[in-house]
Chemist: 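Shown below is the structure under consideration.
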Amino acid sequence: TNICPGDAMILTAEEAGADSYSWEFGGSVIATTRILTVDPFLEANAGTYTLTVTKGLCSGTNTFQVDLHHTVTFTGDVDVCEGGALELIADEFPATYTWRKGVTTIGTNRTLLIDPVVLGDAGIDYSLEVSKDGCDITSDDFEVTVNTAPTTTLSVSGNTVCDGNDGTVTVTSAENGVLYEAFIGGSPAGSGTGTGGDLDITINSANLNLGSNTVDLTATSSGCTISMDNQDTIDVVDSPVTTLSVSGNTVCDGNDGTVTITSAENGVTYEAFIGATPVGTGTGTGADLDITINSANLNIGANTIDITADN
């Protein structure tokens with residue numbers, strides 16, 4: 001049985017002249033007469049009714065489902081992101097629809113669409129009225145929550161690393177509490193949470209290929225995940241060869257020394273150190289490279305020279 005709210009619900013037991021009648025709803029006896037009348041019928045009166053009839057030594061029980069004439073429910077997410085879309089679809093079809101915010105009608109289609117959503121669209125006074133076969137039913141007020149979207153225009157910068165090393169992408173002035181996630185080719189590659197300052201996100205070397213690696217970023221705050229407007233790259237270059245032959249020479253006290261790198265790689269910068277002190281540098285051309293060590297950096301006796309290579 002379907003009844004329109006505001007109408008009268010009248011249920012009559014078929015058995016006349018019984019000794020007793022008991023109508024129950026929600027676990028309580030609501031009437032003991034043959035005829036049960038609920039006038040007006042409200043949404044809260046919808047549900048299962050139980051009738052027990054006793055006549056002589058016999059009694060019988062039956063249940064009745066009484067529903068609203070039609071539904072005023074809808075499908076859709078009422079918790080949305082600023083800049084996103086609010087899309088609610090009435091479940092009842094076909095019918096006539098009126099969507100309201102407060103007393104203002106904001107839609108008359110089955111689907112309510114607000115796109116893009118702004119913070120001012122939030123409210124606790126949304127409702128849906130569905131009219132069908134002369135019966136008008138209005139839902140209880142429901143709330144629409146609009147979550148503030150994170151800023152997507154922050155500057156993003158990558159770096160250059162040698163093959164096999166982790167890379168870094170930096171988000172300038174990352175917003176406090178916002179989760180930033182990095183993706184390479186759609187695959188997650190790293191993440192970090194902003195504190196208000198610059199945020200360095202480490203990209204594991206396993207996610208990087210030789211050459212240019214484009215890094216895309218998303219920002220998540222209060223359940224809102226939005227793609228960042230800016231992207232950057234991490235460039236991975238071949239590591240220089242570290243097994244080249246290196247030879248020093250013997251000089252008199254007060255003279256400059258020389259360390260020679262055999263077949264130094266073209267474009268690779270080699271830097272010489274005695275202890276932790278830089279003492280000379282040179283750039284390879286593919287031929288042997290002589291790096292001059294100033295006499296001021298040399299002591300009498302053996303001077304151990306370490307070399308680094310950077311391309």
Chemist: Classify the side-chain pair Ser155/Asn230 by whether it contains a donor and acceptor separated by less than 3.5 Å.
Modeler: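 Asn230 and Ser155 do not have a side-chain donor-acceptor pair below 3.5 Å.
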
Chemist: If I take atom CD1 from residue Ile10 and atom CD1 from residue Ile35, how far apart are they, to the nearest 0.5 angstrom?
Modeler: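 So the gap between those two atoms works out to 7.5 Å.
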
Chemist: Going by distance alone, is a donor N or O of one side chain under 3.5 Å from an acceptor N or O of the other, for Thr61 and Thr52?
Modeler: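 Yes, a side-chain donor-acceptor pair sits under 3.5 Å.
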
Chemist: Pairing donors with acceptors under 3.5 angstrom, does anything connect the side chains of Asp288 and Thr260?
Modeler: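 Distance-only check fails for Asp288 and Thr260.
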
Chemist: Run the side-chain contact (heavy atoms from CB on, under 4.5 Å) test on Asp310 and Glu271 for me, step by step, so that the C-alpha distance in whole Å, both residues' side-chain angles and the decisive distance to 0.1 Å come before the verdict.
Modeler: CA-CA 8 Å; Asp310 183 7; Glu271 191 166 10; over 6 Å; no

Chemist: For Ser205 and Asn165, what are the C-alpha separation, side-chain angles and deciding distance, and is it a side chain to side chain donor-acceptor pair (under 3.5 Å)?
Modeler: CA-CA 5 Å; Ser205 61; Asn165 291 341; over 6 Å; no

Chemist: For Glu82, run the side-chain contact (heavy atoms from CB on, under 4.5 Å) check against Val146, Val117, Asn147, Ile226 and tell me which one passes.
Modeler: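 Of the listed residues Val146, Val117, Asn147, Ile226, the side-chain contact (heavy atoms from CB on, under 4.5 Å) partner of Glu82 is Val146.
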
Chemist: How long is the gap from CZ on Arg110 to CG on Asp91, to the nearest 0.5 Å?
Modeler: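 Taking CZ in Arg110 and CG in Asp91, the distance rounds to 7.0 Å.
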
Chemist: Can you list the residues that meet the salt bridge (charged side-chain N to carboxylate O under 4.0 Å, His left out) rule with Glu265, with sequence neighbours excluded?
Modeler: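 Glu265 satisfies salt bridge (charged side-chain N to carboxylate O under 4.0 Å, His left out) with no other residue.
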
Chemist: Please report the interatomic distance OH(Tyr180) to CG(Leu154), rounded to the nearest 0.5 Å.
Modeler: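 The OH atom of Tyr180 sits 5.0 Å away from the CG atom of Leu154.
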
Chemist: Are Ile106 and Leu113 connected into the same hydrophobic cluster when the rule is that any two of I, L, V, M, F, W, Y join if their side-chain heavy atoms are below 4.5 Å apart?
Modeler: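 In one cluster: no.
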
Chemist: Any salt bridge (charged side-chain N to carboxylate O under 4.0 Å, His left out) pairs touching residues 126-144, not counting sequence neighbours?
Modeler: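 Residue pairs passing salt bridge (charged side-chain N to carboxylate O under 4.0 Å, His left out), neighbours aside: Glu92-Lys132, Arg100-Glu129.
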
Chemist: In terms of ring plane angle, is the pair Trp99 and Phe74 parallel, tilted or perpendicular, where the classes change at 30° and 60°?
Modeler: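 Answer is perpendicular, since the angle exceeds 60°.
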
Chemist: With side-chain contact (heavy atoms from CB on, under 4.5 Å) as the test, pick out the partner of Pro5 among Val72, Asn45, Ile137, Leu42.
Modeler: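 Single side-chain contact (heavy atoms from CB on, under 4.5 Å) partner of Pro5 among Val72, Asn45, Ile137, Leu42: Ile137.
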
Chemist: Show, in sequence, the C-alpha distance, side-chain angles and deciding distance for Ser191 and Leu179, and conclude whether the side-chain contact (heavy atoms from CB on, under 4.5 Å) test is met.
Modeler: CA-CA 7 Å; Ser191 64; Leu179 173 66; 4.2 Å; yes

Chemist: Measuring from atom CD1 of Ile291 to atom CD1 of Ile305, what distance do you get when rounded to the nearest 0.5 angstrom?
Modeler: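 One gets 9.0 Å once the value is rounded to the nearest 0.5 Å.
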
Chemist: Indicate the ring-plane relationship of Trp23 and Phe64, choosing parallel, tilted or perpendicular according to the 30° and 60° boundaries.
Modeler: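 Geometry flag for Phe64 against Trp23: tilted rings.
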
Chemist: In this structure, which one of Ile293, Val279, Asp306, Leu289 forms a side-chain contact (heavy atoms from CB on, under 4.5 Å) with Val259?
Modeler: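 Exactly one option meets the side-chain contact (heavy atoms from CB on, under 4.5 Å) with Val259, and it is Ile293.
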
